[in-house]
Novice: 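Below is a structure I'd like to ask you about.
Just so you know, these numbers come straight off a predicted model, no measurement behind them. Whatever order the structure lists them in is the order used to number ligands and atoms, beginning at 1.
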Amino acid sequence: MKVLSYGSLNIDNVYTVDHFVRSGETMSSLKMEVFSGGKGLNQSIALAKSGVSVWHAGAVGKKDGDFLLEQLEEVGVHTELISKLPVKTGHAIIQRDREGQNCILLFGGANQQVTREQADHVMEQFSEGDFLILQNEISEIGYIMQKAHEKKMKIVLNPSPMDEKIFTYPLDYVDYFILNEIEARDLCGHDGTGDELLELLAEKFPMAKIVLTLGEEGSIYKDQENAIRQPIFKVDVVDTTAAGDTFTGFFIGGLVLGETPRMAMENAAKASAIAVTRPGAAPSIPYRKELSEESSVSVK
Ligand code: RIB
């Protein structure tokens, strides 16, 4: 079984700030750092660090994207399906406040230049039973899902960042949704508690397995037979960027390695707790062996 992560690659420009800049305000930042990021890249790195073999597909700029490929290769991610295009690499402008919370502004760049031709070439390398992991930061996602469905691949969708394009995708083909409360509300078109949202999602997508993350309230996994609740691990927060991506990578990585959904949920929660104790997106993601070494995290 192969794992394809088809998604964004960003250069994250991270500004440490006292508070998020307000409308009309000009403000000096306290520090500026550059990290590798992009939900796709972060999830590929989390999958690789969780112990599975991953192929990343997507696009970077010819002139400024090499360091992202190097970061993927350093942890063993296959990068031959990433195109180098004569455009700018995608980037993010991230404000990180004193509490470690963030707000993110994206420029799609090469991520929005993924074409059907590229997708055809990429999808030729995969077959029935292989996993496809997607977020919502590249072009042609609906087409990629269609191709993966024809091949009987297992489709994982993290509908983040949520926008109106999501509703144009063939969502009935999704095998696993991994999403937060806000994304769940938008997808259902209803407000409600975590449990209510989960029920609505299960009604709307009866064939899908759903992982709903609820911030401080932990996360819930639901399939046709089980519902599993996973509390968060309590840590001192430094930077929440890529916490969700780490969760997704370790949850799917765990399933690929044969873990039960319960074990995969616990390890995913622990890995993302460790990630928020460190600065940056991809560099904050732990290796699987750190999950048993880390003594500073405990279940809340
Ligand atoms: O999920 C965090 C990521 O979102 C950042 O790395 C940023 O690049 C955006 O894609």
Side-chain angles (χ1 to χ4, degrees), residues 5-17 20 32-50 56-61 64-65 67-72 74-75 77 82 88-97 100-114 133-139 141 156-163 165-166 177-183 211 213 215 219 237-253 268-269 271-286:
S5 170
Y6 210 146
S8 57
L9 303 110
N10 286 338
I11 299 169
D12 284 358
N13 300 302
V14 181
Y15 298 84
T16 303
V17 293
F20 298 149
M32 193 263 179
E33 295 159 286
V34 178
F35 296 108
S36 51
K39 293 187 196 304
L41 177 145
N42 297 339
Q43 292 180 19
S44 289
I45 289 188
L47 282 156
K49 286 184 164 178
S50 84
H56 188 103
V60 293
D64 57 356
F67 103 93
L68 299 179
L69 271 58
E70 284 159 18
Q71 301 258 307
L72 287 166
E74 236 171 62
V75 296
V77 177
I82 300 174
K88 271 180 185 274
T89 295
H91 71 250
I93 294 173
I94 304 182
Q95 295 180 56
R96 178 181 61 208
D97 72 9
Q101 302 302 318
N102 65 47
C103 58
I104 303 180
L105 179 66
L106 290 176
F107 170 72
N111 295 312
Q112 293 300 327
Q113 304 293 323
V114 168
I133 291 102
L134 293 164
Q135 319 77 32
N136 192 27
E137 287 185 343
I138 58 169
S139 45
I141 290 176
V156 179
L157 179 65
N158 167 220
S160 177
M162 176 58 88
D163 63 22
K165 278 191 293 170
I166 291 281
F177 283 98
I178 303 182
L179 73 181
N180 65 26
E181 244 173 321
I182 298 167
E183 291 150 1
V211 177
T213 58
S219 47
V237 176
V238 171
D239 185 349
T240 57
T241 315
D245 301 328
T246 305
F247 190 102
T248 298
F250 270 77
F251 177 72
I252 296 299
S272 64
I274 296 171
V276 303
T277 64
R278 303 169 179 174
S284 71
I285 300 169

Novice: Can you tell me how far the CG atom of Asn42 sits from the OG atom of Ser284, to the nearest 0.5 Å?
Specialist: 7.5 Å
Novice: By side chain to side chain donor-acceptor pair (under 3.5 Å), which residues pair with Glu33, not counting sequence neighbours?
Specialist: Arg96
Novice: What I'd like to find out is whether the side chain of Phe177 reaches to under 4.5 Å of the side chain of Glu183, using heavy atoms alone.
Specialist: no
Novice: Would you say the side-chain atoms of Ser8 pair up with the backbone N or O of Gly40, donor to acceptor, closer than 3.5 Å?
Specialist: yes
Novice: For the residue pair His56 and Leu9, establish whether any side-chain heavy-atom pair is separated by less than 4.5 Å.
Specialist: yes
Novice: Can you tell me if Asn158 and Thr248 form a side-chain donor-acceptor pair at under 3.5 Å?
Specialist: no
Novice: Exactly which residues line ligand 1, taking a heavy atom under 4.0 Å from it as the test?
Specialist: Asn10, Asp12, Gly37, Gly38, Lys39, Asn42, Ala92, Ile104, Leu106, Glu137, Thr241, Ala242, Asp245, Ala281
